[in-house]
Amino acid sequence: MSLDQSWISEAVEATGTAFALKGRKIHEEQTPYQKIEIFETASCGYLMTIDGCTMVSTRDNFLYHEMMSHPALNAHPNPETVVVVGGGDCGTLREVLKHAEVKAATQVEIDERVTRLSEQYFPELCDRNNDPRATLFFGDGIQWMKDVAPGSIDVIIIDSTDPVGPAEGLFGLKFYRDCIRALKPDGMLVQQSESPLLHLALIQEMHAAMREAGFVETHLLHFPQMIYPSGWWSGSIALKRAGSLVERLDNADALDTQYYNREIHRACFALPTFVKKALAG
Ligand code: SAM
C-alpha cells in the first residue's frame, strides 16, 4: 500500500518500520545543526520533525514530557537543581517547573531555532519559560556538562534526538562520566532511551555504559508514544548512589498532569519478561 501526497510519513530503514499521519507541511528550514519541519496534521495538531524524525506533536507530547520528568523528580529525595539537555521544545522544562521543590531548572539546547519554532507552534509548551527559576541556555550539552561545577546538579534529564548527529555524544561513556561528576551524591540522570521493542540492544548498551561510567543502578521506565517508532517508548534512570530511587509520591496526584499519577509511577517501572531478561545482570 502506498500513500499519496496528503500523508506525512517517517520511514525508518534500520527497523523496517514506518509511521504516517495525514497532513501538510507548513514550514521547513535547515539550521547549522539539522533540518526542522513543521506540519499541520488532521489528527495530532502540529507536528515537528528533525532530520525527518518525529519529535513532538500537539496531541501526544504530554506522554513523553510527563514521563521524562515526573517519575525521576518524584523518585529523587530533594530535586532542587535540574538540568534538561536538549529538550528545545521546552515541554520537559515546563513539567520540571511544576515541582515546587525545584529551585533552578536549566535547559541546554544546541539549536535555538527549535525553541523559537516551539514558541510559535507549541506555545503551550513554552508557557513556563518566564518562570524566574528557568534558564534557557543555547549551546552544546556535551561541552556544557564538561564545564559545569562538580557536584552541583540533582537531576539531569537528557531529552535528546536519536543517537546520530549532534546528539550522538549524549549516549556515550565520556558524556556519562561528565554527568556523574556533575551530579550531587544523591543525583540521578534520566535519558530518553528509544523503543523497548525496536531498540533493546541500544538500551542494553546505554545501561552498560552508564554502569561503566560509575552509576550504581539503572532502571527502565516505559510509556506509550503514538508518534515514535512502534508507539512504545522508554526512559532510563541511572543513580549515583544505590537505593536512592525512593517513592516520594505525596504530590503525585496533585501535579497538573494528563498521564502521570501515583499508579502510573509504580506501573511504569514494571518490566515485561523479555526486557527484564535482556537487562538482567
Ligand atoms: N522528544 C524528542 C524525541 O525523543 O524524539 C526529543 C525532542 S527535543 C526537540 C531533542 C533536542 O535535542 C533537539 O532540539 C536537538 O537540537 C537537541 N540536541 C541534540 N544534540 C544536542 C546536544 N549535543 N546538545 C544540546 N542539545 C542537543
Side-chain angles (χ1 to χ4, degrees), residues 10 12 15 19 29-38 44 46-69 83-96 106-122 125-126 129 135-148 156-172 174-176 178-179 182 189-196 198-199 202-203 206 221-236 259:
E10 180 197 7
V12 186
T15 52
F19 170 72
E29 68 182 76
Q30 178 68 48
T31 75
Y33 306 100
Q34 52 213 356
K35 180 168 149 188
I36 311 175
E37 292 164 283
I38 307 285
C44 284
Y46 291 114
L47 170 76
M48 180 190 285
T49 65
I50 292 184
D51 289 339
C53 298
T54 51
M55 288 292 129
V56 55
S57 87
T58 307
R59 184 167 183 182
D60 80 341
N61 77 79
F62 66 94
L63 297 159
Y64 177 91
H65 291 137
E66 290 181 14
M67 294 307 284
M68 284 296 288
S69 45
V83 173
V84 180
V85 178
D89 54 56
C90 305
T92 298
L93 180 69
R94 173 185 194 241
E95 296 303 317
V96 166
T106 305
Q107 177 184 284
V108 183
E109 163 61 53
I110 201 166
D111 192 345
E112 184 170 353
R113 287 303 300 153
V114 174
T115 300
R116 300 301 162 227
L117 287 167
S118 187
E119 286 167 348
Q120 195 175 342
Y121 294 102
F122 303 94
L125 301 187
C126 301
N129 287 2
T135 302
L136 268 60
F137 176 86
F138 296 105
D140 182 5
I142 299 170
Q143 189 58 45
W144 189 94
M145 203 57 73
K146 276 193 188 119
D147 297 340
V148 72
I156 298 170
I157 303 177
I158 307 166
D159 179 359
S160 71
T161 35
D162 299 338
V164 283
E168 196 174 350
L170 298 174
F171 286 76
K174 272 196 202 150
F175 179 66
Y176 295 146
D178 290 332
C179 288
L189 174 156
V190 192
Q191 181 163 29
Q192 75 89 0
S193 49
E194 313 274 309
S195 165
L198 297 175
H199 308 109
L202 173 87
I203 296 172
M206 280 175 68
L221 61 91
H222 53 102
F223 49 95
Q225 192 70 51
M226 174 183 172
I227 67 163
Y228 293 166
S230 87
W232 187 26
W233 217 243
S234 73
S236 289
Y259 182 74

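Position 1 is the first residue of the sequence; numbering continues from there. As the structure is a prediction and not an experimental result, all values here were calculated from the model. Both ligands and their constituent atoms are indexed starting at 1 by order of listing.
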Show which atoms of ligand 1 fall inside a sub-4.0 Å distance from at least one heavy-atom site of [X].
X: Gln34; value: 15 (C), 16 (O)
X: Val108; value: 25 (C), 26 (N)
X: Ala167; value: 19 (C), 20 (N)
X: Thr54; value: 5 (O)

For ligand 1, note which part of [X] has a heavy atom under 4.0 Å away: side chain, backbone, both or neither.
X: Tyr33; result: neither
X: Met48; result: neither
X: Val114; result: side chain
X: Leu170; result: side chain
X: Tyr228; result: side chain
X: Val56; result: neither

To which protein heavy atom is [atom] closest, and what is the distance rounded to 0.1 Å?
atom: atom 7 (C) of ligand 1; value: Met55 SD, 3.5 Å
atom: atom 18 (N) of ligand 1; value: Ile110 CG2, 3.9 Å
atom: atom 11 (C) of ligand 1; value: Glu109 OE1, 3.4 Å
atom: atom 19 (C) of ligand 1; value: Thr161 OG1, 3.3 Å

Flag the pair [X] / [Y] as yes when at least one side-chain heavy-atom distance between them is below 4.5 Å, and no otherwise.
X: Ile142; Y: Lys174; result: no
X: Ile50; Y: Asp111; result: no
X: Cys90; Y: Phe122; result: no
X: Met48; Y: Val114; result: yes
X: His199; Y: Thr15; result: yes
X: Glu194; Y: Trp233; result: yes

Give yes if a backbone or side-chain nitrogen or oxygen of [X] is under 3.5 Å from a nitrogen or oxygen of ligand 1, and no if not.
X: Val85; answer: no
X: Asp89; answer: no
X: Asp140; answer: yes
X: Gly141; answer: yes
X: Pro166; answer: yes

Requested in this report: Kindly indicate, with the supporting measurements, whether the criterion side chain to side chain donor-acceptor pair (under 3.5 Å) is fulfilled by Tyr176 and Gln191.
Outcome: CA-CA 11 Å; Tyr176 295 146; Gln191 181 163 29; 2.6 Å; yes

Query raised in the report: Where does the angle between the aromatic ring planes of Phe137 and Trp144 fall among parallel (under 30°), tilted (30 to 60°) and perpendicular (over 60°)?
Result: tilted

Requested in this report: Evaluate whether atom CZ of Arg113 has more than 12 neighbouring non-hydrogen atoms of other residues, nucleotides or ligands under 6.0 angstrom away.
Outcome: yes

Query raised in the report: Is there a side chain to side chain donor-acceptor pair (under 3.5 Å) between Ser193 and Ser234 once you walk through the steps?
Result: CA-CA 5 Å; Ser193 49; Ser234 73; 2.7 Å; yes

Report summary line: For Asp159 and Met68, the nearest pair of non-hydrogen atoms, with its separation, is CA-CE, 4.3 Å

Query raised in the report: Could you walk me through whether Glu10 and Thr54 pass the side chain to side chain donor-acceptor pair (under 3.5 Å) check?
Result: CA-CA 7 Å; Glu10 180 197 7; Thr54 51; 3.0 Å; yes

Query raised in the report: Under 4.0 angstrom from ligand 1, any heavy atom of Thr115?
Result: no

